[in-house]
Structure formats: C-alpha cells, structure tokens
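Count residues from 1 along the sequence. Numbering of ligands and ligand atoms starts at 1, following listing order. No experiment lies behind these values; they were computed from the predicted model shown. Heavy-atom basis, side chains included; hydrogens, waters and symmetry copies ignored.
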Amino acid sequence: MSDQQFSPPTSEWYHPTEDVINNAHVPDYEEVYNEAANDLEGFWAEQAESLDWYKKWDTVLDDSNAPFYKWFVGGKTNMVLNALDRHVKTWRKNKLAIIWEGEPGDKVTMSYWRLWQEVNKFANVLRSMGVKKGDRVTIYMGRTVEIVVAMLACAKIGAPHSVVYGGFSEQALADRIEDAQSRVLITADGAWLRGNIVELKKVADEAVRRSPVVDTVICVKRTGQDIHMEQGRDYWWHDLMALPIASPICETEVMDAEDPLFILYTSGTTGKPKGVLHTHGGYQLYTSTTLKWAFDIKDDDRWWCAADPGWITGHSYIVYAPLILGATSIIYEGAPTHPYPDRWWRIVEEYGVTILYTAPTAIRGLMRFGDAWPNRRDLSSLRLLGTVGEPINPEAWRWYHRVIGNETCPIIDTWWQTETGGFMITPLPSVSLKPGSATRPFPGIKVDVVRDDGTSCDPNEDGELVIQGPWPSMLRTVWGDDERYLSQYWEKYKKFGWYLAGDAARKDDDGYFWVIGRNDDVIKVSGYRLGTAEVESGLVSHAAVAEAAAIAVPDELRGNVIYAYCILVDGVQGSDDLVEALKDHVGHEVGPIAKPSKIEFVDSLPKTRSGKIMRRILKAQAMGQEVGDTSTLAD
Ligand code: PRX
C-alpha cells in the first residue's frame, strides 16, 4: 500500500549543458560509479583521505558481524575536527560559515572563526555542567544559530545529541527524552513562525514534568516573552556564555570512528519512535562526499538547504556536510510566505544564493501564488536546485525548473532517509534528468526494486526498494534496540543481506528509479514523517476515544493528509465539537503536523483475524476505490 500520488515514468528528458558537465566535480557519472562498484573499500578509503584524522583507520569495512557493520575501524576522529578545527587553521577562518535570517528580519553572520569560538565556549559550558563523552543531550529549538552551536558543541565533547524537531509537542518530546535518557535539555523560549511565537519552553516544561530524567535545562532567549524559569534547573544560555568558564578554547574529544555522533528519532511502524544512531566516522565521509558531488559545492557557493535542523536533512546538509566542505550556508528561521509569498525569493536575491535545496511540498505551496512573486526577484545567482522528502510530481518539477531555475538549473532530486544519513539515489549535475525520478544510485551504492522472493522486478513493475550492501553513513542500530534494527531493516531479505527501505518503487527501461511512496505504516505529510501509530496513540490518549486508526490520503499540496477513524468510549456521542477537540488534542500531544484533516466516528474498524487494523480497506473506502481482497478480514 503506497501512500503517495504517483506519476508513472515518463520519457521526458532534460540534459545538462556542456558547461555544467565540464565544471562538475564528477563530469562522468558512469566512470565513477563503476570504479566504486569494482572496489568499494578502495573507493571509500580514497575519499576518506580528503578528511583529517587523528589516526587513520586499520580496516575500511568490518562485516564480520553483519548487519552490524563497522566502518573505518581503528580510525580516530571527531566530526568537529573536520567541520571546524581544521578550517580555522586556514584562510577559511575568515569565510562565512553561516548567514542567518530570523523571520522578523534580524540577521546574523558568522565566520568559521567565530562559529568555532562559540562552539568552544558552549562545549566548555556543557562540560562544566558535568556532560561527559557518551552522555546524551536533547535539543529542542527552532531554526537559530544556537541550535547549530549546540549540536557542534555536543559533538565536540563526544556527547551524542538527540535533536527533537520544534514542531513536536509534549508527549513526543517526553518520549524521546525518556528513550535517550538525557539529563540535559537545550531549548529556547520560543521560535517565530508566521508572525507568531511557537512556545517551545512551555512544551519543554511539560515534557520534563512527564520525563523527570532531565535535571538541567538551558534556554536561549529568542522571542522574549515571559516564561517560567525553574530555580536550580533552568539557566539562560546568554548567562552561561558570559561566565569565565565559557572560554573560547576547548579541546576536541578524540573519538573512535564508530563512536555515536547523534541519535535522531524517526517514525516507524509502531508507536514508539526509533532512535536512529549515526557515528562520527562514516557519517562525515558520506554526507560530505554526497553534498560535494551531487550539489557540486565550490568555494564561492552560497548553499541554502531550507529544511529544519531538527530533521535528518538539516543534520546532514545544513549543519554537518556544508561545514566539513567549508561552505557558506544560509539558514532562515520562519515560514516561506511570511510576510509575503516572495520571502524565499527575496532571500535568494539578497544573499546571492547559488544552490537551493527544499521539499516538493514547499515548491507546490509557493507555486500556488503564481509566477509573479518569483519573477519580480533576481534569481539569476541560482545554478542548481534540489528536492527531497517525497516524490516530486512532474508539474511541480517543471515549475521549479522553469520559473525558479530559468530553465538552466539542473534539479537534483535526492532520495534518502533518516536511516541512510545521506543521499542514496540522486542525479549528479552531469546526469540527464527525468521529472519525478531521483535517477540513479550514488557511486558506492547498489539499489534495486525487487519482489517478495528477492527476484528483480521487470522494468516498470512495482516492487520493494532495497539497498544491496553497506555504506559508510548507514544507521548502526536503533538506540537501545538491536532487535528492532534487525527486524525492521534486515529481516525480510536476510538471506541476501539487503536493507529494506520500506518504499515502493519502480525502475524504468533506462535504469532510472521512481520512488512511489511508503510501503508500510509510515505517513509522509508535507514531507514530514509520522507513524500511523503515533497519530493513533495521540487519539486514544483522549478520554473520549476507545480505539483509532489513521491513514494517509493523497493531497495535492501536502503530498498526503491524515484521515482518522475513531471508536468512541461507551456513552460518548460524536459531534463536530468533539472532532475539533480531538484534532487539537493530537496537535497538542504529538504536534501540529500530526493533526488529522478529517476524523470520522465509527462503530468498528476492519481488522484481520489476528486483530491487525486493515488500513488498506479504510484507504480504499476513503478514496472511493474497490476494497480488493478481503479474505483475511475478521468480519
Ligand atoms: O518515502 C521516502 C521519502 O521519505 C522517506 C524518508 O523519510 P525521512 O526519514 O523523514 O527522510 C526524509 C529526508 C531524507 C523515504 O523512505 N523520500 C525521501 N526523499 C524522497 C522520497 N520519496 C521520493 N523521492 C525523494 N526524493
């Protein structure tokens, strides 16, 4: 059961110009792809030479305990060694690392030198509060410079961070704090969004009440409204950074290549979110190589990944990879349409953005306002565009290409996941494009579309997307749950040793990949990933609901929206008011993105004899389609 609107493969081609090909880091995709395929370890070892190491590795890949693969075994490094420490010893210390703009219009720019100092200061603050190598720190903030500083400071002292997206609410945050067992929480009073304040500290207070493992809260002053500060637990960021302890000199912790860098929670098929674990060594190599080659990063680029640092896209391609490459990154705090629908185009014009990377849902959202808004801005600095998060419908692709890219910018459609750490299927600028296809696998990656028995699908036949072999930035496990790592990703094609992506896909006659959508109980709403189970537990945590089922229904703007079906507890009557109350409740408990757009009250839910909800049937009904095979239905 896939959950996306899918446009079948087309034969519409877009070829790169000679100029793009000749100037690209990788002018010949086939050549590099084959080189990597012929000697995988040699290929990754060669790329790893471009990074600094405290000590080089002994073994590139240890597969003796597969699928618990290890990369660069024996290597000593730290993410911050490559993202900051090495740059401040070169001319790059004066280069802008970050250009930040707040939604109200305030601005901050930070050179590599200044960012390095801020990170050192905050790393010293964390150390002074007793945070040691291996301790988990939860970060719950908006899109500010401080979130970048906080993440890097954690990396610097070897404390894995767990960033929770600022759009999540009380219970979602509490669950993630609890699972990671974080003593320290870093947050902000609020964040600006569409001219309003998102009350982050208020949510954080409630989450800490529910998850008392936190004993220290560090709070950034961003929005300035009155908030509750608990004596002995809560500290202002700016107060701590003004203390003598916050010295700008700080030793970087020497880490093993395989030591944890961060945990990032993502939705899976059960209610409990999965803590995807990434490490210092392979992750820095893979994210920086993919960014450099797919987006052809050069020293004079101004790179703008318009995601949120709270998701994997932000981790890999706002924070880590651009800094490793010594690039200049743009970060914008707020909504694309605030105060007017040309906010993004103004940013491109003002800062001379050369590469823009965003999600189909944002493109569709901006497309709605017509061509006049972008046409009134000078977008001629752009040379490459990118997309991620869900399949891009060809119509949005063409608009992006024509109106934003002036028909000259290649569109880099990157397919990947929280678990993969970096791009897996993506064009390089020298690869010919078809709108809606992420094209071909990155060098060093082997993927296929297969049937349940593992045989390859024929061209244009729907199947399961699998990754056929390890890669450096693969997740190492699910935090605290090796069993789940095995069963979720490796069980289905165990005898072949393939990773199950959970997506349905097709491969066309030209070997181009077309991702259709999720094949499991994961819903993509506006590119955000949610589990049906999370929405359902949000609903049943309301006193009126006995049982609930959530499904994804295709939507033109958001990719998918959520429909929910609820059985009410005895004696409660369904009403329009209750529908609204339940939507608000889910928004409050899980987060605004999890709010169902439709809730229906029902007397029963279609279930298999073993009691599993048959969401396929609900979905077919919601979409007015045939329900199909119902032989496993209980009644
Ligand atoms: O279904 C695929 C979809 O997003 C899923 C991964 O979600 P998440 O872990 O939140 O990471 C999103 C950002 C990397 C995938 O299983 N997806 C991601 N990129 C694409 C995509 N679907 C189609 N085309 C893409 N380019």
Which of the numbered atoms in ligand 1 are below 4.0 angstrom from a heavy atom of D503?
1 (O), 2 (C), 15 (C), 16 (O)
Select the closest option to atom 26 (N) of ligand 1 among T426, T439, D413, judged by heavy-atom distance.
D413
Regarding atom 10 (O) of ligand 1: of the candidates K524, E419, Q417, which has the closest heavy atom?
K524
Residues E556, R364; criterion salt bridge (Lys or Arg N to Asp or Glu O under 4.0 Å); working and verdict:
CA-CA 8 Å; E556 236 174 58; R364 289 191 296 261; over 6 Å; no
When you measure from the heavy atoms of G502 to every atom of ligand 1, does any distance fall below 4.0 Å?
no
Between T387 and ligand 1, does any nitrogen or oxygen pair lie at a separation below 3.5 Å?
no
Y283 and S316: side chain donor to acceptor below 3.5 Å:
yes
Side chains of T266 and R529: do they bring a donor and an acceptor to under 3.5 Å?
yes
Provide the closest heavy-atom pair for M141 versus I186 in the form atom of the first, atom of the second, distance.
CG-O, 3.9 Å
Can you list the ligand 1 atoms lying under 4.0 Å from a non-hydrogen atom of W416?
6 (C), 14 (C), 15 (C), 18 (C), 19 (N)
Give the contacting part of I392 toward ligand 1: side chain, backbone, both or neither, where contact means a heavy-atom distance below 4.0 Å.
neither
For the pair W415 (side chain) and M424 (backbone), establish whether a donor and an acceptor sit closer than 3.5 Å, ignoring hydrogens and angles.
no
Geometry only, no angles: is T266 polar-contacting ligand 1 at N/O separations under 3.5 Å?
no
Heavy-atom gap G517 to ligand 1 smaller than 4.0 Å:
no
K274, NZ atom: more than 12 neighbouring heavy atoms under 6.0 Å
yes
Within ligand 1, which atoms have a heavy atom of V515 less than 4.0 Å away?
22 (N), 23 (C)
NZ/NE/NH1/NH2 to OD/OE distance under 4.0 Å, R484 and E419:
no
K446 atom NZ: more than 12 heavy-atom contacts under 6.0 Å
no
Quick check: does any side chain N or O of H25 sit under 3.5 Å from a backbone N or O of I297, one acting as donor and the other as acceptor?
yes
Check each atom of ligand 1 against the heavy atoms of P391 and keep those under 4.0 Å away; list them by number with element.
22 (N), 23 (C), 24 (N)
Under a 4.0 Å heavy-atom limit, does A438 contact ligand 1 with its side chain, its backbone, both, or neither?
neither
Which of the atoms in ligand 1, numbered in the order shown and given with their element, are less than 4.0 Å from a heavy-atom of R529?
6 (C), 7 (O), 8 (P), 9 (O), 10 (O)
A501 N/O under 3.5 Å from ligand 1 N/O
no
Can an N or O of T418 be found at a distance shorter than 3.5 Å from an N or O of ligand 1?
yes
Using the ring of each side chain (for Trp, its six-membered ring), is Y286 parallel, tilted or perpendicular to F442, with breaks at 30° and 60°?
perpendicular
At less than 4.0 angstrom from any non-hydrogen atom of V388, what atoms of ligand 1 do you find?
13 (C), 14 (C), 19 (N)
Y485 ring center within less than 6.0 Å of F68 ring center:
yes
Output yes when the distance from some N or O of ligand 1 to some N or O of W311 is under 3.5 Å, and no in every other case.
no
